[in-house]
Amino acid sequence: DKSKKNEKSKRKEKVEEEKKEDKKDEKKEEKKQRAGAVYNQMNNTNLINEGSTLLSRFEIEAIIGGGGFAQIYRAQDKLRKDFCAVKAERSNQDIRRMKLEITVLLALRGSVGIPEILGQGKWQNGDIKCQYIVMQLVGRNLSDVRKSLPHRRISDRTLYRTMLQVLKALSLLHGAGFLHRDLKPSNFCIGATDCTRIYLIDYGLTRQYLDKGGLVRKPRAGVGLRGTIRYMSLDAHARHDLGPNNDLVAFLYSTIECGDGSLPWSKEHSQENIIKLKQAHAGEKLCTKQPVFAKVAEYIESLNYHSIPDYEKLFALVEECNPPDLKDNEPYDWQYR
Ligand code: ADP
């Protein structure tokens, strides 16, 4: 009896400890994001000045955005006589992110739905040093696009065609052996010239999940928290090593948010409550406003770390969600405005 009690209290202690760890991780992640954003934006220091020419070819025109870590500029490609984008990060930040992104963009060069990489280098502006990637310019991200639409929702006539393109880009990424690990609507962008094309961006958190022989690497135990709390799978919350199935869960949550206008846990701040709500909203329960998407949800939820997703089946399931009277050249929601 005593030993049972002991075990129970040990278990309780462990749970408490895990909770504390989660909180710590959450705070760390938030702080990192804030620090990066504050550094890049509030400080107002452009890492590269307007008018600078990189690689004797790309002339910086203006800063057009910033993520948690990077600054994004629009530039003029003087060779192709076209616009392009430059993503710059301070050299004293974790440069692994940028190296990873370059590796992935090079590996996927020429793939549909992945911005083309045009160059890379280092730049020094006074005593600020940075690394940069030059790539194809894309348009607005789907998070911003959604918020600009009526009811802050993407219509089902546009949503599933859009998400099918995201899924195709994701399948190419997985096929090349990489996980994205931060799938979310702000990482899906419409094309700058053809706004019916969708691009998957931001490969700073990717991980190679296949070894050189094309086999799934052994899962590691107790990995750090990766990704964005709102869109991460329950496995990610539990600090399991992630597989393609977890990217698909983030894809699922992103689709529900874009179509419904929110997720059941959008207003929650505590990770504990978010986990509970994710547990309570699987399959049909997650798809109450998009019942056509329930089959996709159920298939994705049936996968585990070792599953090789059947993308052809997934493409077909997503395609089936399109309204039957959808026309081939029907404009996307954002083309009406
Ligand atoms: P971070 O890694 O810091 O999160 P991202 O790569 O996600 O940075 O970029 C942040 C934002 O900048 C994106 O949501 C998008 O709106 C914009 N952006 C990123 N890459 C491009 C690009 N190639 N062309 C145009 N805008 C871009």
Side-chain angles (χ1 to χ4, degrees), residues 29-43 46-48 54 58 60-77 80 82-106 108-109 111-120 130-148 162 166 169-170 173 178 180-195 197-207 226-232 250 254 257-258 334:
E29 193 53 39
E30 263 174 31
K31 208 169 146 192
K32 235 172 42 191
Q33 295 262 356
R34 253 202 324 264
V38 166
Y39 210 102
N40 286 333
Q41 279 142 32
M42 303 297 284
N43 238 355
N46 277 16
L47 296 173
I48 309 176
L54 316 179
F58 307 104
I60 299 287
E61 283 199 350
I63 189 159
I64 53 170
F69 306 99
Q71 290 182 342
I72 316 287
Y73 299 85
R74 192 183 59 238
Q76 184 76 240
D77 179 348
R80 288 196 188 174
D82 199 0
F83 288 115
C84 60
V86 173
K87 178 171 177 173
E89 257 182 50
R90 279 187 176 251
S91 296
N92 61 0
Q93 286 186 34
D94 188 352
I95 59 159
R96 272 174 307 178
R97 262 194 319 269
M98 201 148 245
K99 280 195 172 149
L100 261 174
E101 179 145 25
I102 292 168
T103 306
V104 173
L105 289 174
L106 285 174
L108 287 166
R109 208 173 202 172
S111 305
V112 176
I114 316 276
E116 185 187 358
I117 181 165
L118 301 167
Q120 51 159 307
C130 74
Q131 301 241 47
Y132 64 82
I133 306 175
V134 188
M135 62 178 128
Q136 182 183 349
L137 183 76
V138 295
R140 287 186 299 159
N141 71 58
L142 275 199
S143 169
D144 292 343
V145 169
R146 172 183 73 76
K147 289 174 191 158
S148 72
T162 301
V166 171
L170 183 63
L173 181 70
F178 298 101
H180 189 284
R181 301 201 300 177
D182 198 18
L183 276 198
K184 54 181 171 183
S186 60
N187 283 336
F188 312 152
C189 292
I190 61 180
T193 43
D194 179 354
C195 69
R197 286 232 191 169
I198 309 294
Y199 292 85
L200 179 56
I201 65 159
D202 195 2
Y203 300 92
L205 276 186
T206 51
R207 177 175 155 80
R226 287 279 179 288
T228 304
I229 304 264
R230 182 181 292 174
Y231 308 96
M232 65 174 59
S254 300
E257 181 178 64
C258 286
W334 43 89

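Read the numbers this way: they start at 1 and go in the same order the structure lists the ligands and their atoms. Atoms considered below: every heavy atom in the structure, side chains included; atoms not considered: hydrogens, waters and symmetry mates.
Contact annotation for K87 and ligand 1: only side-chain heavy atoms (C-beta onward) come within less than 4.0 Å of the ligand. Residue contacts with ligand 1 for N187 involve side-chain atoms from C-beta outward but no N, CA, C or O (heavy atoms, distance under 4.0 Å). Residue-level proximity to ligand 1 for A85 is carried by the side chain, the only part with a heavy atom below 4.0 angstrom.
Taking 4.0 Å as the cut-off, R97 does not count as a neighbour of ligand 1 on heavy-atom distance. Residue contacts with ligand 1: G65 is excluded, as none of its non-hydrogen atoms falls under 4.0 Å. For S186, the closest heavy-atom approach to ligand 1 falls below 4.0 Å.
Atoms of ligand 1 found under 4.0 Å from any heavy atom of L137 (numbered from 1 in listed order, with element): 24 (N), 25 (C). The atoms of ligand 1 that sit less than 4.0 Å from any heavy atom of M135 are 23 (N).
Looking only at protein heavy atoms, the nearest one to atom 1 (P) of ligand 1 is D202 OD2, 3.7 Å. Looking at atom 17 (C) of ligand 1, its nearest protein heavy atom turns out to be I72 CG1, 4.1 Å. Looking from atom 23 (N) of ligand 1 to the surrounding protein, the closest heavy atom is Q136 O, 3.0 Å.
Nearest to atom 21 (C) of ligand 1 by heavy-atom distance, out of D182, V138, L205, V134, is V138.
Q136 places no side-chain N or O within donor-acceptor distance of the main-chain N or O of P115, the cut-off being under 3.5 Å.
The shortest distance between side-chain heavy atoms of R109 and L106 falls below 4.5 Å.
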